Amino acid sequence: MNAWLRSFPASVPSDLSSPADIARFELDHTLPGEKVTLVDMPSLGEGYQIRRESDMWTVSGGSSGLLYGVYTLIQMLLSGEDVPDLFESSPEYSLRMLDSWDNMDGTVERGYSGRSLFFENGRFAYDPERIKTLGRMMASCGLNVLCINNVNVHEPAQRLLEDYLPEAAELADFFRPFGIRLMFSVDFSRPLYHGVSTADPLDPAVRDWWADTAKRVYSMIPDLAGFLVKADSEGRPGPFTYGRNHADGANMLADALSPYGGFVVWRCFVYNCRQDWRDTTTDRPKAAWEHYAFLDGSFRDNVILQVKHGPFDFQVREPVSPLLLGMKRTKLAMELQLAQEYTGHQIDIYTMIPMWKELFEDLPAGNIMSVAAVSNLGRDLNYTGHPFAAVNLYTYGLLAWNHAVDTRTAVCRWIRLTYDFSAEDEQKLADLLLSSRRVYEQYTAPLGIGWMVNPHDHYGPNPSGYEYDLWGTYHKADRNAVGIDRTSSGTGYLCQYSDSYRRKYEDPDLCPDLYLLFYHRLPYTFRMKDGRTLIQRIYDDHFEGYEKAVRMAETIACLPFPEEDRAEIEQRMKKQLYNAKEWCDIINTFFHRLSGIDDEYGRRIYP
Ligand code: GCV
């Protein structure tokens with residue numbers, strides 16, 4: 001099974017060594033009746049031009065641009081879309097990254113599609129055919145960088161650039177013909193394991209150690225995209241140990257990589273993960289800004305700060321991170337998460353592109369230079385566990401190429417490439433996928449509050465699961481009210497934004513409902529814009545979310561999925577229904593007991 005490449009030949013021959021070779025092969029096998037000329041035009045770089053003259057197509061592009069152009073042409077024609085006589089495109093973001101959180105023991109952190117595609121038993125272990133398919137999947141939606149190992153770099157991945165470098169170089173060879181460059185997550189403290197007495201980024205011995213390491217790595221993998229770093233975050237080592245800041249740390253690595261054109265992608269997921277819940281002066285969403293904003297403009301040119309899209313951690317609804325809006329003099333990547341950690345574990349249907357489009361709407365043009373997403377892939381036969389989770393990878397690629405991509409067109413193209421459906425069935429599935437995020441949001445945590453999940457595993461409801469813990473993720477619900485005041489009169493989080501942004505959220509009467517409890521602490525009797533009370537809205541959303549999930553199951557039962565997908569989809573839908581019911585019961589019961597206020601419609605809160 002090759003995900004959305006079902007109309008493509010099962011495999012790509014191993015002797016094809018360049019993107020242009022792959023492009024020609026894919027064309028000959030998917031569009032044998034079409035006359036297509038490929039023109040090498042290096043000036044177009046990764047971009048391409050598709051031109052039609054009577055029954056002749058010409059695709060021009062630089063090396064990988066040709067491949068992207070060909071994949072686009074094939075997919076548009078296979079899915080019956082109109083291709084204009086002249087169609088030109090080039091990527092909006094230069095690094096379009098997929099970050100795997102794969103460990104070398106074969107597990108995948110927050111992985112819901114089986115074991116690692118790259119590792120097993122502490123070593124590289126992969127099926128070359130599946131690796132080539134992954135290369136095709138990525139290139140066919142425009143992605144160009146793959147980080148193969150978890151940002152939490154455990155043993156033996158800590159030796160990836162040392163003992164395992166030859167194997168890593170062999171893996172890079174598989175991806176190169178698809179225009180994909182590898183990246184590795186590195187452990188900031190590594191010099192300490194090699195006779196250097198410190199990992200202080202300003203120490204000359206440390207700088208030398210990283211410079212030597214980069215030289216060795218690039219001699220084996222000359223096109224490596226660079227290093228990805230999680231430092232001073234959730235127990236990972238970093239510059240704070242030495243009284244240095246993150247510009248000191250990132251710039252030191254950047255200097256080591258710059259002779260080879262490599263990037264340091266430095267994650268900004270830094271917060272106090274040992275917080276005392278009684279401490280009301282610390283508010284976790286403020287953390288990233290506090291650690292990085294003052295460093296704006298002090299990073300080297302080859303440092304990219306990778307910022308999670310929201311200030312917390314991939315919740316169903318979060319505002320766009322203030323760092324992504326405010327650091328104008330620093331290269332930024334927005335980090336998304338395809339792996340459905342808080343969004344249903346690839347059991348519940350959750351199509352992400354509507355959520356991403358909202359984020360991009362808040363992001364002024366030119367603020368970021370790159371996009372990254374935590375991978376949702378694994379060794380399951382269909383790569384993504386739930387067959388529908390593939391739509392997230394596919395549409396992520398299209399959006400990372402150009403965020404203006406039309407949501408419905410992207411989803412429908414994925415459906416057409418994946419299933420052989422009538423137009424009516426295609427629209428039914430598109431509606432279902434496009435509404436799935438809202439459905440999930442309705443039956444889980446209310447109105448932007450997030451975090452009511454089972455701790456650690458992050459699937460299923462647990463309203464107080466994180467409430468008195470160390471992670472800074474509190475809702476503080478009591479008998480009268482729920483939420484945290486993050487306005488200027490509260491924790492001040494909103495002050496990290498511009499005045500115009502702040503004005504939209506500061507007043508609870510004007511704040512959009514979906515963010516209400518993210519920004520405000522409100523009594524259950526608070527009147528929402530539509531006249532309902534807050535508590536009634538919580539009840540209504542949960543009942544409605546569950547009912548919509550029931551309707552999704554009915555739609556799915558009527559759609560003509562191929563046998564191999566049907567079993568997976570139906571079995572997961574059953575679990576989703578159970579999950580939705582459980583969320584609805586538990587969250588409504590929690591708020592009913594706290595508030596003592598009955599549902600206006602007399603529905604049974606808990607049967
Ligand atoms: C890779 C969350 C996840 C962790 C993840 C971390 C991160 O805390 O639960 O599994 O670790 O984010 O993004 O670094």
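Note that ligands are numbered from 1 as they come in the structure, with each ligand's atoms numbered from 1 the same way. The structure presented is a predicted model; accordingly, all values stated were derived computationally and were not measured.
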Novice: What protein heavy atom sits nearest atom 6 (C) of ligand 1, and how far off is it?
Specialist: E234 OE1, 3.3 Å
Novice: How many angstroms lie between CG in L433 and CD1 in I349, if you round to the nearest 0.5 Å?
Specialist: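 One gets 7.0 Å once the value is rounded to the nearest 0.5 Å.
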Novice: Any N or O of Y342 that comes nearer than 3.5 Å to an N or O of ligand 1?
Specialist: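 Between Y342 and ligand 1 (N or O atoms, distance only) the closest approach is not under 3.5 Å.
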Novice: Between R437 and E358, is there a salt bridge with N-O shorter than 4.0 Å?
Specialist: yes
Novice: Measuring from atom CG of L398 to atom NE2 of H403, what distance do you get when rounded to the nearest 0.5 angstrom?
Specialist: 14.0 Å
Novice: Is any N or O atom of Y271, backbone or side chain, closer than 3.5 Å to an N or O atom of ligand 1?
Specialist: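 No, since none of the N or O atoms of Y271 sits under 3.5 Å from an N or O of ligand 1.
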Novice: Which of the numbered atoms in ligand 1 are under 4.0 angstrom from any heavy atom belonging to F269?
Specialist: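 By the 4.0 Å cutoff, the relevant atoms are 6 (C), 7 (C), 8 (O), 12 (O), 13 (O), 14 (O).
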Novice: If you measure every N/O of E109 against every N/O of ligand 1, is any gap under 3.5 Å?
Specialist: yes
Novice: Identify the closest protein heavy atom to atom 1 (C) of ligand 1: which residue and atom is it, and at what distance?
Specialist: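 Ranked first by proximity to atom 1 (C) of ligand 1 is N152 ND2, 3.2 Å.
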Novice: Under a 4.0 angstrom heavy-atom cut-off, which atoms of ligand 1 come close to R110?
Specialist: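 Those of ligand 1 that fall under 4.0 Å from R110 are 3 (C), 4 (C), 9 (O), 10 (O).
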Novice: Can you name the atoms of ligand 1, numbered from 1 with element, that are less than 4.0 Å from a heavy atom of E341?
Specialist: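 In order of numbering, the contacting atoms are 3 (C), 9 (O).
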Novice: Taking S370 for the side chain and Y93 for the main chain, is one N or O donor matched with an acceptor at less than 3.5 Å?
Specialist: no
Novice: Which of the atoms in ligand 1, numbered in the order shown and given with their element, are less than 4.0 Å from a heavy-atom of D313?
Specialist: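 Atoms satisfying the 4.0 Å criterion: 2 (C), 8 (O), 12 (O).
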Novice: Any donor and acceptor pair, going by atom type alone, linking the side chain of R244 with main-chain N or O of G249 inside 3.5 Å?
Specialist: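 Such a contact is absent between R244 side chain and G249 backbone.
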Novice: Using a 3.5 Å distance criterion without hydrogens, assess whether the side chain of N367 forms a donor-acceptor pair with backbone atoms of L324.
Specialist: yes
Novice: In this structure, are over 12 heavy atoms from other groups packed under 6.0 Å from R123 atom CZ?
Specialist: no
Novice: Is it the side chain, the backbone, both or neither of W101 that has a heavy atom closer than 4.0 Å to ligand 1?
Specialist: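 The part of W101 near ligand 1 is the side chain, not the backbone.
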Novice: Please determine if E568 and R572 form a salt bridge, counting it only when a charged side-chain N lies under 4.0 Å from a carboxylate O.
Specialist: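 Judged by the 4.0 Å cut-off on N to carboxylate O distance, E568 and R572 do form a salt bridge.
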Novice: With a heavy-atom distance limit of 4.0 Å, tell me whether V151 approaches ligand 1 through its side chain, its backbone, both, or neither.
Specialist: side chain
Novice: Classify the side-chain pair W451/H475 by whether it contains a donor and acceptor separated by less than 3.5 Å.
Specialist: no
Novice: Tell me if the OH atom of Y578 is crowded by more than 12 foreign heavy atoms within 6.0 Å.
Specialist: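 No, because the 6.0 Å sphere around OH of Y578 holds 12 heavy atoms or fewer from other groups.
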Novice: Could you identify the single nearest non-hydrogen protein atom to atom 12 (O) of ligand 1 and state the distance to 0.1 Å?
Specialist: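 Residue, atom and distance for the closest contact: K308 NZ, 3.0 Å.
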Novice: I'd like to check which ligand 1 atoms, numbered from 1 as shown, lie under 4.0 Å from a non-hydrogen atom of N150.
Specialist: 1 (C)
Novice: Measuring from non-hydrogen atoms of Q337 to any atom of ligand 1, is the shortest distance under 4.0 Å?
Specialist: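 Q337: no contact with ligand 1 (<4.0 Å).
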Novice: Only heavy atoms of K230, strictly under 4.0 Å: list the atoms of ligand 1 that pass.
Specialist: 1 (C), 6 (C), 7 (C), 11 (O), 14 (O)
